Amino acid sequence: MSNEENKVKEEELKQQEGVEQEVAQEEVEAVGTDADIEWNEESEQEIEESKIAQLEAALLSSEAKVKEQQDSVLRAKAEVDNMRRRTEQQIDKARKYALTKFAEELLPVIDNLERAISHANMENEEVKPIVEGVELTHKTFIDTVAKFGLKEINPEGQPFNPEFHQAMSTQESEDFEPNTVMFVMQKGYELNGRVVRPAMVMVSK
């Protein structure tokens, strides 16, 4: 084989080796690119999962805060409602019993009018018009104070009740059941259900 043929052959071999190297390099690069793509996809998936986890945690935290605020609002509303009810009750009591002291001062006036009526001589024609005037005054007085909740306690013949009656004495009796009010020495009075003065009574035994 001549030198020229050898050179040509060598050139062909070199070209073939170059082509094989290029193909091998391309294959290597292709494998590397696929690996990079797979790694990038896995990394993006991890990032997405991390973001989702963070969002879920933030959502749970927000829901907890909202629930806590709702509970606070409900507690505040309940406290306001309770305060309003207490205030209304206090106002109602103040309105009902504001006249207690005034009513206590009026009771001796009522007692004196009743004494005047009970001790008057109705057979005396000169006294009779005066007594009738006192009776009318007494009735008007009682009707007026009743409008404001002041009512008399006159329990004769009723069972003795220590909440409304004050026993001044006890006495055996065949006409009354035991523990019954036989006689009222002094009427009692109550103001809107609250005792201003208990009735002074004699009780059977």
Side-chain angles (χ1 to χ4, degrees), residues 52-119 132-171 173 175-205:
I52 292 171
Q54 290 176 358
L55 290 173
E56 288 177 347
L59 179 60
L60 291 174
S61 177
S62 298
E63 289 176 348
K65 288 180 180 179
V66 168
K67 189 176 185 305
E68 183 179 351
Q69 290 175 351
Q70 288 176 339
D71 292 341
S72 299
V73 170
L74 291 175
R75 284 195 298 270
K77 185 177 182 299
E79 289 177 3
V80 170
D81 290 341
N82 290 335
M83 185 180 297
R84 189 187 71 254
R85 280 194 295 269
R86 286 194 299 269
T87 302
E88 289 175 351
Q89 290 173 356
Q90 291 172 355
I91 292 173
D92 187 53
K93 286 182 179 179
R95 180 182 59 80
K96 282 183 177 180
Y97 306 121
L99 298 177
T100 299
K101 187 65 178 175
F102 182 61
E104 290 174 353
E105 297 297 326
L106 291 178
L107 297 185
V109 179
I110 298 174
D111 293 339
N112 289 334
L113 289 173
E114 291 177 349
R115 288 192 192 97
I117 294 169
S118 64
H119 288 84
E132 289 175 352
V134 174
E135 288 176 342
L136 181 59
T137 301
H138 176 263
K139 183 180 184 307
T140 304
F141 201 93
I142 293 297
D143 291 343
T144 300
V145 296
K147 292 178 182 178
F148 295 92
L150 185 66
K151 297 180 181 178
E152 70 176 24
I153 302 172
N154 190 14
E156 186 171 342
Q158 299 176 10
F160 175 73
N161 185 345
E163 293 183 3
F164 296 94
H165 314 148
Q166 182 177 351
M168 305 304 293
S169 65
T170 58
Q171 184 174 331
S173 174
D175 298 328
F176 293 92
E177 293 290 330
N179 205 39
T180 301
V181 175
M182 299 171 53
F183 177 71
V184 178
M185 301 174 181
Q186 186 181 59
K187 293 178 183 178
Y189 286 88
E190 60 177 306
L191 180 64
N192 293 313
R194 178 186 289 181
V195 176
V196 177
R197 185 180 74 184
M200 297 180 182
V201 299
M202 179 186 292
V203 183
S204 62
K205 65 177 181 178

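One-based numbering along the sequence shown. Just so it is clear, the model here is predicted, and its values are computed rather than measured.
If you take CD1 on Ile117 and OG1 on Thr137, they are separated by 8.5 Å, rounding to the nearest 0.5 Å. Rounding to the nearest 0.5 Å places CG of Asn112 at 11.0 Å from CG of Leu107. Considering NZ of Lys65 and NZ of Lys67, their distance stands at 16.0 Å, rounded to 0.5 Å.
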Identify every side-chain donor-acceptor pair in residues 179-188 under 3.5 Å, counting partners at least two apart or on other chains, and give the distances.
| residue | atom | partner | partner atom | Å |
| --- | --- | --- | --- | --- |
| Thr180 | OG1 | Glu177 | O | 2.8 |
| Lys187 | NZ | Glu114 | OE2 | 3.3 |
| Lys187 | NZ | Glu152 | OE1 | 3.3 |

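Residue Phe176 comes nearest to Gly157 through the heavy atom pair CE2-CA, 4.4 Å, listed as atom of the first residue, atom of the second, then distance. Here the closest non-hydrogen pair linking Ile110 and His138 is CG2-NE2, 4.0 Å. Between Glu163 and Val195, the closest heavy-atom pair is O-CG2, 3.4 Å.
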Task: Audit row: Arg85, Asp81, salt bridge (charged side-chain N to carboxylate O under 4.0 Å, His left out) steps and yes/no - done: CA-CA 6 Å; Arg85 280 194 295 269; Asp81 290 341; 5.2 Å; no
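Around the CD atom of Glu63, the shell of radius 6.0 Å holds more than 12 heavy atoms that belong to other residues, nucleotides or ligands. No more than 12 heavy atoms of other residues, nucleotides or ligands shown are found within 6.0 angstrom of CZ on Phe148.
Looking only at distances, a side-chain donor or acceptor of His165 sits under 3.5 Å from a matching main-chain atom of Asn161. Not one N or O on the side chain of Ser61 forms a donor-acceptor pair closer than 3.5 Å with the backbone of Ala57.
Contact check on Lys147 versus Asp143 returns no salt bridge, with no Lys/Arg side-chain nitrogen under 4.0 Å from an Asp/Glu carboxylate oxygen. Between Asp71 and Arg75 no salt bridge is recorded (no basic side-chain N to carboxylate O distance below 4.0 Å).
Taking 4.5 Å as the limit, every side-chain heavy atom of Glu132 sits out of range of all side-chain heavy atoms of Leu136. Counting heavy atoms from C-beta outward, Leu106 and Tyr189 have side chains that stay 4.5 Å or more apart.
Of the listed residues (Thr100, Leu191, Thr144), just one forms a side-chain contact (heavy atoms from CB on, under 4.5 Å) with Leu150, and that residue is Leu191.
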